[in-house]
Amino acid sequence: MTGEYDWRIKEARKSLNRILPEVEKTFAADLEQAPHEWHKFKNRLYREWERLFTYLHQLYGWQYDFFYTIERILRSMVQYWLERPAELKSLDEKREAEPFWYLSEKMVGGVLYVDLFSDNLAKLDDHISYFKKLGLTYLHLMPLFAIPKGENDGGYAVSDYRAINPDIGTMEDLARLAAAMRQEGISLALDFVFNHTSDEHLWAQKAKSGDPDFIAYYYTYPDRELPDQFQKYLRDIFPTVRKGSFTWCQDLNRWVWTTFNSFQWDLNYANSEVFRAMAEEMLFLANQGVEVLRLDAVAFIWKRLGTDCENQPEAHTILRAFNAIAKIVAPCLLLKSEAIVHPDEVIRYLHPDECQLSYNPLLMALLWEALATREVKFLEYAMRNRYRTPAGCTWINYIRCHDDIGWTFDDQDARNLGIDPAGHRNFLNKFYTGDYPGSFARGVPFQFNGETGDVRISGTFSSLAGLEEAIEKQDAELIERAVRRINLLRSVQVSIGGIPLLYIGDEWGIINDYTYLSDPTKANDSRWVHRSRKKWEAREDLTDQNALEWRFFHEMVKLLTLRKKLIAFQNGGMEVIHTGNPHLFGYIRAFNDQYILIVNNFAEEPQRMDAAHLNACGVKGDVINLLNGDVLSSGNDLVLNDHQSVWLDISQP
Ligand code: GLC
């Protein structure tokens, strides 16, 4: 193994020393203009090259044109670096000087659909002050690229990564917006939909017209022989829409691999040209001012016969190669993994050489689980054992997003706690679709699979937490209860280690919108129930302090403002504590000399954490609950109201 590694390092250097002078010749005129800058680029190149070469060699070294491949990739890197605007190059330097800036307690993310929020990119500019008021430091715009008319999977069927959907604006609008947000300390995040293109993408069109170079961009098959062999191990992602992962294309006269919808063609990363082309798309987006790329559907990017074709080792190698390229050309770019898979696999995408950030679907799912069961044993167990992240990496904590909720917990974890995993998923699905005695939730089933009985849940934060039902019943007490549930989950989201990501609209308590049912392009996808148009103009200047919207918004701002003042919330480290009470979920956040103990009550009644357990957590003397200023006197038990959360400052003077 060591021998092989040494061999690669030697070859890496030799190859670079051969290729670089040729590349320098090509770009000589430009490089002479900026010798100092070029020197810095080369420093990064020499720093990262050995690993980039190694990854590419692992992926494509067996192909006879490997040397040509790496030369092409290096040329692309230099070209996109030359095109990179000066302002972004100075941001690169700033970030390199402070490489872990995103681990700060100041980080708060938001995510929205441009068309549903402000109609278009130009108008989004006017809302920057709103994002600041809310406290955002990064904003993720849902896919806004050119897409097929009609069905396009909410923008995830991309026809051109370099063109914005004309209804929303232009690439110039996007770059302008990115610059304006940057000025205000808000980083732009976009999706990198790199597992598949739409069947209208130019590459797909060229493939359809018979161009063999582009047919090789996708996985296509003349007959069912291989598809049938692969299919045995694959799961259906959207089973109510279609069965199987292959689509017959008449123009091609071949079967095409389509993991998601039939109009989303999976890219073939076994072809080095696909890797190079997508690396260029990544750098193009980085050059528009994108600082965070959400890597969509990362788990699916490598196929291997006889496996479920998810989370293959090569998927990680590809991400690492993208990461190395970004570190050389656009070092301020962060990669965020979207792997909604088994928790053992989710964590594997988090690595400083791979994705620095990752969605935390386990926390999300288990918060909802604890809200339904009123008990925290599963949440506590999973967070105790599965929360730790590699240094330099952190979780993105969300309660709701544009997608459904799947119960992606580990079955063995459940069994260890005496929970039957299948029965529990069944219970949660019933509970969150309101089909369980005492349920408060108004979720909508998503993708019921008749063969496996599997189903996932759609619905807004507020509707799932009981607000929709309470409003409908016009029951003031139920409304208060729902508000408390919502505030509880938010408190955990904001205080537990990582970056909170708000699904914009939730800060106003938006409930389900069923109008999607009358749109034939959306009716069969219940996720649209929580993707509704927002009436922002009406709400931004809301002054009625009793209005629910006002209360939600101000609670959110309060939590985020407090978060940003607490150095203990830096870095993402978190230790789950023993509260001695099955309804209380507690943990300590610590950094430098600051220690904050957070305790959350998931029960519908008041609960107590006794003095002995508090003492074991280091609670000494009187301590303050930072959320409301209450003092817990020395030696007393801590009593929490139903769904109350406390943030106790237990630092020793
Ligand atoms: C991701 C997106 C989801 C989309 C899928 C296919 O999971 O979050 O909305 O349907 O990828 O691109």
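Both ligands and their constituent atoms are indexed starting at 1 by order of listing. For clarity, every value in this text was computed on a predicted model and none was experimentally measured.
In terms of heavy-atom proximity, R527 sits nearest to F446 at NE-CZ, 3.4 Å.
Residue F322 forms a ring pair (Phe, Tyr, Trp, His ring centres under 6.0 Å) with just one option from F275, Y349, Y55, and that option is F275. In summary, of the residues considered (F230, W302, F300, W265), a ring pair (Phe, Tyr, Trp, His ring centres under 6.0 Å) with W257 occurs for F230 alone.
In this model, no donor atom of one side chain and acceptor atom of the other lie less than 3.5 Å apart for R442 and S463.
Surrounding CZ of R224 are more than 12 heavy atoms belonging to other residues, nucleotides or ligands, all under 6.0 Å away.
Near ligand 1, residues D153, Y156, H196, F238, F260, Q264, R294, D296, E338, H402, D403, R527 each place a heavy atom inside the 4.0 Å sphere around the ligand atoms.
With sequence neighbours left out, the side chain to side chain contact (heavy atoms under 4.5 Å, CB included) criterion links D236 to Q231, P239, K243.
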